[in-house]
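Report on the structure given below.
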Amino acid sequence: DEAQSAAEARIVLAPVVRRLSERDRRILMLRFFRGWTQQEIADDIGVTQMQVSRLLSRILTELREQIDDPPSE
């Protein structure tokens with residue numbers, strides 16, 4: 001069921017996303033929750049669209065790595 005999958009995703013992602021910088025969290029929120037384009041995000045944070053593309057790639061790679069191999073606490 002879609003609602004259960006979304007809830008499970010939030011449980012897994014929440015602690016990982018909290019470890020991101022404020023700027024990285026903002027980029028994710030703008031892109032995936034508000035549906036902004038990379039250019040709109042670039043204008044908002046003062047970088048180029050290409051930089052936003054690279055930032056998103058880096059952020060998503062970090063999230064994947066941390067989910068696959070969470071740091072020990």
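- Residues passing the side chain to side chain donor-acceptor pair (under 3.5 Å) test with Glu22: none are found, sequence neighbours excluded.
- To the nearest 0.5 Å, atom CG of residue Leu20 and atom CD1 of residue Ile27 are 9.5 Å apart.
- Listed by chain and residue number, Val47, Thr48 satisfy the side-chain contact (heavy atoms from CB on, under 4.5 Å) test with Gln51 (two or more places apart in sequence, or in another chain).
- In this structure, the side chain of Gln66 does not engage the main chain of Leu63 through any donor-acceptor pair within 3.5 Å.
- In terms of the side-chain contact (heavy atoms from CB on, under 4.5 Å) criterion, residue partners of Asp44 (sequence neighbours excluded) are, by chain and number, Arg26, Leu30, Trp36.
- A continuous path of ILVMFWY side-chain contacts below 4.5 Å connects Phe33 to Ile45, so both sit in one hydrophobic cluster.
- Checking Ile41, Leu60, Val52, Leu55 one by one against Arg31, the side chain to side chain contact (heavy atoms under 4.5 Å, CB included) holds for a single residue, Ile41.
- Val12 is linked by a side-chain contact (heavy atoms from CB on, under 4.5 Å) to Ile67, counting only residues two or more places apart in sequence or in another chain.
- The line from CD1 of Ile59 to OG of Ser21 is 7.0 Å long, rounded to the nearest 0.5 Å.
- Nearest heavy-atom pair, Ser53 versus Gln38, reported as atom, atom and distance to 0.1 Å: CB-OE1, 3.4 Å.
- Taking CZ of Arg34 as the start and CD of Glu40 as the end, the distance is 11.5 Å to the nearest 0.5 Å.
- For Glu2, there are no side-chain contact (heavy atoms from CB on, under 4.5 Å) partners, not counting sequence neighbours.
- Each salt bridge (charged side-chain N to carboxylate O under 4.0 Å, His left out) pair with one or both residues in residues 48-64, not counting sequence neighbours, appears once here: Asp24-Arg58, Arg58-Glu62.
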